[in-house]
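Below is one structure, written out as structure tokens; comments come after it.
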Amino acid sequence: MATSGHSESLMSEETFDFICTGCNKKNKTLKAVKYCVECKLYCCQSCTDMHDWYPPLAGHSFLDVGQGNQSGNQQSSLPEFPTERCCKHKGKVSDMYCQKHDQVGCCTCMATDHRSCPDGKIFSVPDMLDTLYNLSDSQHTQRRLQQMMVSMKILSESKESRLKSLQKAKAEVIDQIAKFQNVLEAIFKKAVDSSRKEVIEAYKNIEKDILQDKYTIDNTNDILQDTDDKLNKAATNRAQRFICSKEAEKNIKEAELEKMKQETEDTTDVDISFRPNIKLMDYIQGLHGIGDVLVAKRKRNLYKLKDSKDINIKSSNDTNTCRSLGCCLIYDNELLITDLNNNKVKRIDTSTMTVTDYCSLDSRPIGICCINEKEVVVACRDPHKIQFVSTEGKMIPKRKIDTSYFCRDIAIKDDNLYVTGEKTSLNVYDMNGTLLRTIINDNDGNELFSSIRHIVFNESGNKMFVGDADNGLVCFDGMGNYLSTIKDNNLKEVCGVCTDGRGNIFVAGYRSNNVVQYNEDGEKIGVVVKQEDGLNKPLSMSFNRGQNRMFVTMYDSDILKVYELE
């Protein structure tokens, strides 16, 4: 309480229970008489009156300083009063609640939009706060809000991924148009060259005939000239002149015949001209483009099996039947597989379907993941470790990271290694082997895994899918936060998982001998490969997007299945 009779004076902070917040910032200690709900400040009488001077502040709501929690602490004594402005009536605070419609608003909202609601269903929030407010409900709503924010973020990342795919498709189409333009230009140039060649050939044929005629005429004229010279020389020799005269008459007759022949042939002039292909011109002018640009929403349909082939993955010096529990592509035509029974990582040329190289390890390899074109990382057991292998030239083991558990599979994202353990854990390491995180439980603390298997990220990296033999396909966002678990009666003992890079996830059933296709939202599309397609106890998979080929390894088998899809 105040110890002075004056309501406003320059005194210590202990003088009053509540002091003016604004004046206190100016080193003045004045008694607060009101609390401004919107400003969230205690105000002296002058600061209270000042609100009326400025139109933006004139509509603020005030409470007496005694209202609220009287704990003796000024900060904790802030009154519990709504501060949110009404979205319809900006000058008023949203402090009313309609229970019938489960909506909040200001008093004007209640008077206009809820005037037909029963009187007992409309409350003043501050007056009925203890009845209306429930902490657990608020916390539940906040959790739902946060989950929805995560979902919206994932959706936004999905749109961003689709936008990048669209940009890539645009660049590819423009490149296709340029290539087609080159083809058309080559075809047009060939046609132009053909017409030009036709003109030249026609000219040469006519020129040849004219030159031949000219040669004959000139030769005839030369004979006549020679005969005339002989007559002139024989002017005083009558015998010689007689002979020359007879030869001249003969030559004249032959010249007359040649002249008649040439004049007969020259009745029609031969010329060269060009007539454009009007139909071609009209067709080209009528084109709106050089092809059709197709824009359509891509429906993720079920892949259809087109063909299947077998690759023998056994090396010449293998002592045991192959057991490949992991595979990954490093190039379009190069597939790396692990061989647990023979302690090897093998390189397969998928174009020739032969094993071209292998690397022996001192532990048993299971999962494998491509870091880049020159290096892969392998999850191993006995001894337990993560092994890096160089793929540049001949494959060579490099550095390793020792682990205390059985490593089953491995994936990489943002320079972090995601390693599935023997049964129930997913561990995240940096590239130096420092353990960053262990994922075991869902949001409610329940164990996610019982027999963990393979792991894969979608192309954009905003979703992660982990196979569990007992629980099914476990889905996470890109940060490793649990989203959902997919269980399918058609899938028995989930093992291998892979993606086509187009929004589809393939999941292999070890006991059901099949591969099922889902979209990234967890919706089942259908069964792609069945047991009757030659599939027996599938272990791991990899997908070649460019060729629509799925590679599947099988339990204790020297055969790797290659399925061509469409």
Side-chain angles (χ1 to χ4, degrees), residues 154-155 157-158 161-162 165 169 296-309 325-329 332 335 350 367 409 411 452-478 483-555 560-566:
I154 293 172
L155 187 59
E157 290 173 349
S158 175
S161 175
R162 292 186 182 183
S165 297
K297 292 183 178 179
R298 184 180 63 192
K299 183 178 180 181
R300 296 179 181 136
N301 294 323
L302 177 68
Y303 279 94
K304 295 181 180 179
L305 181 59
K306 183 180 178 181
D307 194 11
S308 66
K309 299 177 182 178
L325 289 100
C327 61
C328 71
L329 282 161
D332 280 349
L335 180 73
T350 60
D409 195 31
I452 198 168
R453 291 293 188 264
H454 286 267
I455 177 174
V456 69
F457 285 92
N458 65 352
E459 187 177 41
S460 64
N462 66 352
K463 285 192 176 181
M464 175 175 66
F465 302 88
V466 183
D468 187 277
D470 299 325
N471 297 335
L473 185 65
V474 187
C475 309
F476 300 82
D477 65 21
L483 295 177
S484 63
T485 299
I486 302 170
K487 300 205 72 170
D488 188 343
N489 292 331
N490 290 331
L491 275 173
K492 296 179 182 178
E493 195 168 333
V494 168
C495 192
V497 294
C498 72
T499 175
D500 66 347
R502 303 188 184 102
N504 293 293
I505 308 299
F506 300 100
V507 185
Y510 177 81
R511 296 292 179 189
S512 52
N513 297 314
N514 59 358
V515 175
V516 179
Q517 177 184 339
Y518 297 86
N519 64 26
E520 291 181 357
D521 297 324
E523 298 171 344
K524 181 178 177 180
I525 299 177
V527 179
V528 181
V529 183
K530 303 175 183 178
Q531 184 173 6
E532 48 263 40
D533 299 320
L535 199 60
N536 182 40
K537 297 182 180 180
L539 294 177
S540 66
M541 298 183 294
S542 189
F543 192 93
N544 184 320
R545 177 176 178 177
Q547 300 174 353
N548 277 359
R549 302 172 80 187
M550 181 189 295
F551 303 91
V552 186
T553 66
M554 299 182 294
Y555 179 82
L560 180 145
K561 300 295 294 187
V562 183
Y563 294 104
E564 294 185 10
L565 308 178
E566 62 181 357

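Source: prediction; values computed, not measured.
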Point-to-point distance, once rounded to the nearest 0.5 Å, from NZ of K537 to CD of Q531: 10.5 Å
Within this structure, what is the CD-OH distance for the pair E493 and Y510, rounded to the nearest 0.5 Å? 6.5 Å
Rounded distance (nearest 0.5 Å) linking atom CE of M541 with atom SG of C328: 14.0 Å
D533 and S308, any side-chain heavy atoms less than 4.5 Å apart: no
Mind checking whether L329 and F551 have side chains closer than 4.5 Å, heavy atoms only? yes
Look only at the side chain of R502 and the backbone of R545, and say whether a donor-acceptor pair between them is shorter than 3.5 Å. yes
Ignoring hydrogens, what is the shortest heavy-atom contact between L491 and G509? Give both atom names and the distance. CD2-N, 3.5 Å
Hey, does the side chain of E566 reach the backbone of N548 with a donor-acceptor pair shorter than 3.5 angstrom? no
Could you work out, with ring pair (Phe, Tyr, Trp, His ring centres under 6.0 Å) as the rule, every residue matching F506, not counting sequence neighbours? Y303, F543
Straight-line distance of D500 CG to N458 CG, nearest 0.5 Å: 10.5 Å
Identify the two heavy atoms, one from C495 and one from R453, that lie closest to each other, and give their separation to 0.1 Å. O-CB, 3.6 Å
If you apply the rule side chain to side chain contact (heavy atoms under 4.5 Å, CB included), what do you find for V562 with T350, and how did you get there? CA-CA 9 Å; V562 183; T350 60; over 6 Å; no
Any salt bridge linking K487 with D468? Criterion: basic side-chain nitrogen under 4.0 Å from a carboxylate oxygen. no
Heavy-atom closest contact (I455 atom, D409 atom, distance): N-OD2, 2.9 Å
Closest approach of G467 to V494 (non-hydrogen atoms, all atoms of both residues): CA-CG1, 3.7 Å
Please step through side chain to side chain contact (heavy atoms under 4.5 Å, CB included) for the pair E564 and K309, ending with a clear verdict. CA-CA 8 Å; E564 294 185 10; K309 299 177 182 178; 3.5 Å; yes
Test side-chain hydrogen bond (donor to acceptor under 3.5 Å, both in side chains) applied to E532 - qualifying residues, sequence neighbours left out: none
Residue among L539, L535, L560 satisfying side-chain contact (heavy atoms from CB on, under 4.5 Å) with M554: L535
Distance-only, no hydrogens or angles: does the H454 side chain make a donor-acceptor pair with backbone N or O of G326 under 3.5 Å? no
Spacing of N471 atom CG and L473 atom CG [to the nearest 0.5 Å]: 11.0 Å
Determine whether a donor-acceptor pair (N or O, by modelled atom type, separation under 3.5 Å) exists between the side chain of N514 and the backbone of N490. yes
Apply side chain to side chain contact (heavy atoms under 4.5 Å, CB included) to residues I505 and K463 and explain how you reach the verdict. CA-CA 11 Å; I505 308 299; K463 285 192 176 181; over 6 Å; no
Atom CD in Q517, atom OG1 in T499: separation rounded to 0.5 Å? 10.0 Å
Before giving the answer on side chain to side chain contact (heavy atoms under 4.5 Å, CB included), spell out for Y563 and V528 the whole-Å C-alpha distance, their side-chain angles and the decisive distance to 0.1 Å. CA-CA 10 Å; Y563 294 104; V528 181; over 6 Å; no
Restricting to non-hydrogen atoms, name the atom on V552 and the atom on P538 that form the minimum distance, rounded to 0.1 Å. CG1-CB, 3.7 Å
Listed by chain and number, what are the side-chain hydrogen bond (donor to acceptor under 3.5 Å, both in side chains) partners of S484, not counting sequence neighbours? none
